[in-house]
Amino acid sequence: MTATVMAENMTVVSTVPVDWLSTNFVSDGVVQATGGDIASDMMTSVVMETTTQGDGRNFRFEDPVQRIIIGCIYSLVAVVGFSGNFMVILAVILSRKLQTRTNVFVVNLAVADLVTCSTTPFTALALFSMNGWPLPLTVCAVMAGLFYVSLACSIMNLALIAINRFILITKSSKTYQSIYTPKKIAAMLVFSWGYPALVCCFPLFGIGKWGYSEKYKTCTQDTSHETSDLFSLLGSVLMYPIPLIILFVCYFKIYRHITGHMKKLSGQGQELAESSGSSTSSTKKLSKNRPASFSKRQVEITKNLFYVVCAFIACLAPFAIALTIPPSDPAIPWTGMIIIFNSAINPIIYGAKHPHFKEVFRHMLRCRYHMIPEPSSCLRKIRSR
């Protein structure tokens with residue numbers, strides 16, 4: 001009788017040894033009850049493992065240690081990014097040298113990064129709170145929408161900057177000035193914010209929903225909504241492919257133009273040197289023939305702005321790759337965190353590489369505002385008081 005009961009229970013709980021059952025249980029009822037308890041414990045263990053490690057559909061970001069680490073990083077990036085982007089805007093306000101048509105888009109990019117940094121503390125709050133979102137859900141939904149609008153606005157600005165540099169480097173100054181009039185620049189800025197805002201309004205028409213994600217414990221899309229996947233697909237298709245193509249095409253054409261121009265100049269220099277026999281005179285002729293927009297300084301500025309594009313793609317790529325691989329759900333909170341690094345990296349790139357920003361930043365950090373080159377009328381008024 002005992003052997004029969006043991007065989008029956010071995011089919012229910014295959015991990016329990018026969019000797020252990022035979023030495024600890026006497027009746028069939030006790031064996032069945034214990035087997036049920038063990039099976040229940042095993043199911044609980046599987047659910048906990050799924051929650052922390054994830055199998056895609058059933059993943060829940062519950063690990064308190066990981067949530068605290070990511071929340072602290074969000075908070076740190078928010079402070080650094082807010083300070084850095086505020087310095088970018090202030091530098092343009094204080095120095096007339098930085099008040100160029102290109103820097104209009106740089107300032108707009110800094111504003112978008114400021115908005116992103118303003119929403120990250122709410123994301124950190126969601127991660128720190130182990131009992132769900134502590135504030136009204138409307139606040140979470142608004143912060144999620146603002147984050148996505150500012151992020152999309154950033155890539156729109158990068159595309160507009162790429163077009164700006166392409167026209168400045170490859171076209172005549174007359175063409176550049178005719179395209180970048182104050183009214184047209186204002187229209188471009190409105191488009192860079194208006195288009196992402198329209199796309200992020202899809203939840204108002206029943207496609208997707210902004211709010212607290214029980215899956216990732218952050219203010220983002222409500223992943224439990226039935227049209228969440230459709231909203232993600234539409235947002236990705238409408239927001240990112242076209243600007244990324246524009247970035248690639250513009251900077252590739254700028255590179256081709258610069259290399260071709262350099263080869264042409266070197267060939268002309270050799271011909272002039274052979275005909276005149278004087279390298280000094282040939283150099284002077286070349287400098288006179290060189291377009292005003294095609295200068296070493298402009299090339300350096302373009303390279304610096306290209307670094308900004310590379311930083312954005314590097315921050316966005318891990319998240320995009322993780323989204324395409326279903327078993328990578330446990331990596332989504334970490335790759336999503338990397339995206340916000342872009343909001344803090346841009347001012348660092350300007351300060352390290354951009355020749356004009358670098359000089360103004362140095363004087364600002366040392367509180368030597370009287371040494372800022374080409375002070376604006378605003379700075380002159382402040383200094384005269």
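Counting begins at 1 with the first residue of the sequence. Everything numeric in this text was worked out from a predicted model, so none of it was measured.
A heavy-atom distance below 4.5 Å is found between the side chains of Tyr369 and Met364. Residues Ser150 and Asp113 form no side-chain contact, since every pair of their non-hydrogen atoms from C-beta on lies 4.5 Å or further apart. Proximity of Phe361 to Val88: side-chain heavy atoms (C-beta onward) are separated by under 4.5 Å at one or more points. Considering only heavy atoms from C-beta on, Tyr195 comes within 4.5 Å of Leu238 through its side chain. Between Asn157 and Val106 the shortest side-chain heavy-atom distance does not fall below 4.5 Å. The side-chain heavy atoms of Glu359 and Lys97, taken from C-beta on, include a pair separated by under 4.5 Å. Contact annotation: the side chain of Met87 never approaches that of Pro347 to less than 4.5 Å [non-hydrogen atoms, C-beta and beyond]. Counting only heavy atoms from C-beta outward, the side chains of Phe231 and Lys209 never approach each other to under 4.5 Å.
Scanning both residues, Ala311 and Ile349, for their nearest heavy atoms gives CB-CD1, 3.9 Å. Considering every non-hydrogen atom in both Cys153 and Trp193, the closest pair reads SG-CE2, 3.3 Å. Contact detail for Ile254 and Ala162: the closest heavy-atom pair is CD1-O, 4.3 Å. The shortest heavy-atom contact between Asn108 and Ser192 is ND2-OG, 3.0 Å. Shortest non-hydrogen contact noted between Gly351 and Lys358 is O-CG, 3.2 Å.
By the criterion of side-chain heavy atoms lying less than 4.5 angstrom apart, applied directly or through intervening Ile, Leu, Val, Met, Phe, Trp or Tyr residues, Ile372 is grouped together with Leu365 in one hydrophobic cluster. In terms of hydrophobic clustering, with Ile, Leu, Val, Met, Phe, Trp and Tyr side chains grouped at heavy-atom distances under 4.5 Å, Val139 and Leu146 are assigned to a common cluster. Neither Tyr255 nor Ile246 shares a network with the other; the hydrophobic side chains, linked directly or stepwise wherever heavy atoms of I, L, V, M, F, W or Y lie under 4.5 Å apart, form separate groups for each. Taking hydrophobic clusters as Ile, Leu, Val, Met, Phe, Trp and Tyr residues chained together by side-chain heavy-atom distances below 4.5 Å, Met337 does not share a cluster with Ile68. No chain of hydrophobic side-chain contacts below 4.5 Å, direct or via other Ile, Leu, Val, Met, Phe, Trp or Tyr residues, connects Phe191 to Leu198.
A donor-acceptor contact closer than 3.5 angstrom links the side chains of Thr302 and Arg165. Thr175 and Ser178 share no side-chain donor-acceptor pair at under 3.5 Å.
With rounding to the nearest 0.5 Å, the separation of SG in Cys201 from CD1 in Ile207 is 11.5 Å. Note that CD1 of Ile155 and CG of Leu160 are 11.0 Å apart. Values are rounded to the nearest 0.5 Å. The CG atom of Leu168 lies 10.0 Å from the CD atom of Gln177; values are rounded to the nearest 0.5 Å. Distance SG/Cys140 to CG/Leu125: 9.0 Å, rounded to 0.5 Å. Interatomic distance, Ile73 CD1 to Trp334 CH2, rounded to the nearest 0.5 Å: 5.5 Å. Atom CD in Gln99 sits 13.0 Å away from atom NE2 in His356 (nearest 0.5 Å).
A side-chain contact (heavy atoms from CB on, under 4.5 Å) with Phe312 holds for exactly one of Ile339, Leu109, Leu151, Asn346; it is Leu151.
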Starting from the C-alpha separation in whole Å, work towards a yes-or-no answer on side chain to side chain contact (heavy atoms under 4.5 Å, CB included) for Ile340 and Phe147. CA-CA 10 Å; Ile340 65 164; Phe147 176 81; 3.7 Å; yes
How far apart are the C-alpha atoms of Asp229 and Leu233, what are their side-chain angles, what is the distance that settles it, and do they pass the side chain to side chain contact (heavy atoms under 4.5 Å, CB included) test? CA-CA 6 Å; Asp229 293 338; Leu233 177 62; over 6 Å; no
Side chain to side chain contact (heavy atoms under 4.5 Å, CB included) assessment of Met130 paired with Arg67: CA-CA 9 Å; Met130 300 301 166; Arg67 289 172 63 176; 3.7 Å; yes
Verify side-chain hydrogen bond (donor to acceptor under 3.5 Å, both in side chains) between Gln221 and Ser213, making sure each step is shown before the conclusion. CA-CA 6 Å; Gln221 288 189 67; Ser213 173; over 6 Å; no
Lys215 and Phe61: side chain to side chain contact (heavy atoms under 4.5 Å, CB included), yes or no, with the steps? CA-CA 6 Å; Lys215 185 175 184 178; Phe61 191 45; over 6 Å; no
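Relative orientation of the Trp210 and Tyr148 rings is tilted, given thresholds of 30° and 60° on the angle between their planes. Classification of the Trp133-Phe122 ring pair by plane angle, with boundaries at 30° and 60°, yields tilted. The aromatic rings of Phe357 and His354 stand perpendicular to each other, their planes meeting at an angle above 60°, with 30° marking the opposite boundary.
A donor-acceptor pair under 3.5 Å links the side-chain atoms of Arg380 to the main chain of Pro375, judged by distance alone. Remark: the backbone N or O of Thr218 is not paired with any side-chain donor or acceptor of Thr123 at under 3.5 angstrom. Without hydrogens or angle criteria, Ser95 side chain to Val92 main chain gives no donor-acceptor distance under 3.5 Å. For the pair Ser75 (side chain) and Gly71 (backbone), a donor-acceptor distance under 3.5 Å is present. Listed for the Lys217 side chain is a donor-acceptor partner under 3.5 Å among the backbone atoms of Glu214. A donor-acceptor contact shorter than 3.5 Å links the side chain of Thr119 to the backbone of Thr116. The backbone N or O of Gly208 sits nowhere less than 3.5 Å from a side-chain atom of Ser228 that would complete a donor-acceptor pair. Within the 3.5 Å criterion, the main-chain N or O of Asn164 finds a donor-acceptor partner in the side chain of Tyr180. Using modelled atom types, one side-chain atom of Ser118 and one backbone atom of Leu114 make a donor-acceptor pair closer than 3.5 Å. Under a 3.5 Å cut-off, the side chain of Asn342 and the backbone N or O of Cys315 do not form any donor-acceptor pair.
The number of heavy atoms from other shown groups lying within 6.0 Å of NZ (Lys184) is above 12. Atom CD1 of Ile242 sits in a sparse spot, with 12 or fewer heavy atoms from other residues, nucleotides or ligands closer than 6.0 Å.
Annotation: Phe306 is in aromatic contact with Tyr251 [ring centroid separation under 6.0 Å].
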